[in-house]
Amino acid sequence: MPGTGTLILLRHGQSVFNAEGRFTGLLDPPLTARGRSEAVYAATLISGFGLHLDDVFTSTLMRAVRTAEIVTECLGLSPMPRKVWQLNERNYGSLTGRLKSELLAEFGPDVLHFWRRSLYGAPPPMDAEALGELWRTPALAQLPARAVRGTESLCEVLKRVREFWHQHLRRQLLSGRHALIVGHGNSLRALCLLLDGLSEGEVERLNFPTGHPLVYELDERARPLERGGIYLDPQAARSAAKQVTAEGGT
Ligand SMILES: O=C(O)[C@H](O)COP(=O)(O)O
């Protein structure tokens with residue numbers, strides 16, 4: 001019987017809205033030049049790790065899809081990344097598209113922290129017009145109704161990520177397949193919450209830097225051998241995560 005497969009988590013490379021300091025949520029900006037280089041570097045690290053990936057899953061959003069494509073191209077992998085809507089970024093409601101600095105001045109650090117970092121805080125919902133715009137985005141247009149709501153808490157993201165984990169990913173890993181997940185600041189926080197059994201306080205403090213592969217080796221029940229996983233470039237990942245924290249988190 002094969003051992004359990006290895007799971008690698010990767011937040012997409014820097015997007016145009018990351019660079020501008022905007023809440024992105026379900027908007028669909030492309031990668032910046034730096035974001036594309038981050039994806040190439042992530043591929044180099046994965047290649048150095050020496051694991052042959054059997055599956056590559058990405059959200060349906062362009063910044064994650066392109067990152068996944070760059071990684072698979074660099075690694076010379078034949079399977080195309082598979083798009084999974086449950087891995088999409090959390091809908092940031094009425095904060096979507098707005099500058100983080102502007103919102104900090106408008107609402108103050110405590111309210112913003114609750115919306116961004118807590119498990120249950122959800123920003124005020126977006127209006128019907130903004131929601132309609134989202135539905136017209138090609139990356140979202142064909143998805144089930146529950147994939148695009150007015151707003152989402154991290155807990156709601158956790159519910160959909162958990163669905164993908166139990167219905168698909170866990171089984172693939174248990175059958176010995178190695179998988180790469182390319183996701184977002186918040187869909188990956190939700191997945192780590194699930195894998196590591198994080199407390200509310202731990203998930204509040206968890207931040208994913210863009211473009212840094214995080215490896216989870218798993219036991220025969222698909223539980224992490226090392227809580228929190230291991231970054232392939234730990235020093236650089238730690239300092240990039242600190243930078244995200246200093247900016248108020250994802
Ligand atoms: O703005 C956002 O939506 C989050 O802070 C980060 O999302 P991302 O991981 O898609 O950049």
Side-chain angles (χ1 to χ4, degrees), residues 9-32 34-36 38-39 42 57-68 71 81 83-104 107 109 111-119 121-126 130-131 133-134 137 139-140 147-154 156-158 160-161 181-193 203-214 237 240-250:
L9 307 185
L10 177 65
R11 182 176 169 206
H12 60 80
Q14 184 196 57
S15 74
V16 167
F17 278 13
N18 294 147
E20 291 176 2
R22 290 181 192 280
F23 279 106
T24 319
L26 292 179
L27 294 179
D28 202 18
L31 295 177
T32 60
R34 177 178 140 186
R36 291 191 293 276
E38 287 174 343
F57 300 102
T58 164
S59 81
T60 69
L61 295 164
M62 194 189 326
R63 54 198 184 277
V65 173
R66 191 62 202 124
T67 300
V71 171
K83 296 181 191 172
V84 175
W85 72 263
Q86 285 94 336
L87 295 172
N88 280 351
E89 182 52 306
R90 166 241 283 261
N91 186 341
Y92 257 112
S94 62
L95 311 191
T96 301
R98 303 230 11 228
L99 284 172
K100 294 177 180 181
S101 55
E102 215 174 78
L103 289 161
L104 186 62
F107 293 102
V111 172
L112 211 57
H113 182 90
F114 176 65
W115 287 337
R116 290 172 90 171
R117 307 306 303 160
S118 71
L119 185 56
M126 57 177 50
L131 199 57
E133 271 295 301
L134 277 188
T137 310
L140 306 173
V148 185
R149 309 148 177 244
T151 185
E152 273 184 313
S153 65
L154 183 61
E156 284 160 329
V157 178
L158 175 63
R160 54 178 162 91
V161 167
I181 301 282
V182 185
H184 302 263
N186 289 290
S187 54
L188 294 179
R189 282 171 74 212
L191 190 49
C192 286
L193 195 153
V203 80
E204 268 192 40
R205 290 187 294 275
L206 179 65
N207 275 307
F208 268 89
T210 52
H212 277 281
L214 176 65
K242 259 194 203 156
Q243 175 73 29
V244 180
T245 306
E247 289 162 3
T250 44

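These numbers come from the heavy atoms of this one structure, side chains and all, not from hydrogens, waters or symmetry mates. Whatever order the structure lists ligands and atoms in, that order sets their numbers, starting from 1. Here the structure is a predicted model, which means the values were calculated and not measured.
By the 30° and 60° cut-offs, the orientation of the rings of Trp115 relative to Phe107 is perpendicular.
In the model, Gln14 has a side-chain atom that pairs as donor or acceptor with a side-chain atom of Thr32 under 3.5 Å.
In terms of protein heavy-atom proximity, atom 8 (P) of ligand 1 is nearest to His12 NE2, 3.1 Å. The protein atom (non-hydrogen) at minimum distance from atom 2 (C) of ligand 1 is Thr24 N, 3.4 Å. Closest to atom 7 (O) of ligand 1 among all protein heavy atoms lies Glu89 OE2, 2.6 Å. Of the protein's heavy atoms, Gly25 N, 2.7 Å lies nearest to atom 3 (O) of ligand 1.
Short contacts between ligand 1 and Arg22, defined as distances under 4.0 Å to a heavy atom of the residue, involve ligand atoms 1 (O). Close contacts between ligand 1 and Lys100 involve ligand atoms 1 (O), 5 (O) [criterion: under 4.0 Å to a heavy atom].
With values rounded to the nearest 0.5 angstrom, His12 atom NE2 is found 5.5 Å from His184 atom NE2. Once rounded to the nearest 0.5 Å, the distance linking OG of Ser59 with CD1 of Ile181 reads 10.5 Å.
Remark: Glu89 engages no residue in a salt bridge (Lys or Arg N to Asp or Glu O under 4.0 Å) (not counting sequence neighbours).
Considering backbone and side-chain atoms alike, Arg63 places an N or O below 3.5 Å from some N or O of ligand 1. Looking at Gly249 next to ligand 1, no N or O pair under 3.5 Å apart turns up. On a distance-only criterion, His184 and ligand 1 share at least one N/O pair closer than 3.5 Å. Below 3.5 Å of separation, one finds no N or O of Ser15 facing any N or O of ligand 1. Of the polar atoms of Asn18, at least one N or O is found under 3.5 Å from an N or O of ligand 1, judged by distance alone.
In this structure, Leu119 and Leu193 approach most closely via the heavy-atom pair CD1-CD1, 3.8 Å. In this structure, Gly211 and Ala42 approach most closely via the heavy-atom pair O-CB, 3.8 Å.
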After noting the C-alpha distance and the side-chain angles of Arg22 and Leu27, does the key distance pass the side-chain contact (heavy atoms from CB on, under 4.5 Å) rule?
CA-CA 10 Å; Arg22 290 181 192 280; Leu27 294 179; over 6 Å; no
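Between Arg117 and the choices Leu154, Thr245, Thr250, the side chain to side chain contact (heavy atoms under 4.5 Å, CB included) rule is met once, by Thr250.
Residue contacts with ligand 1, taken as heavy atom pairs separated by less than 4.0 Å, involve Arg11 solely via side-chain atoms from C-beta onward. Under 4.0 angstrom from ligand 1, there are no non-hydrogen atoms of Arg189. Contact annotation for Phe17 and ligand 1: no heavy atom of the residue comes within less than 4.0 Å of the ligand.
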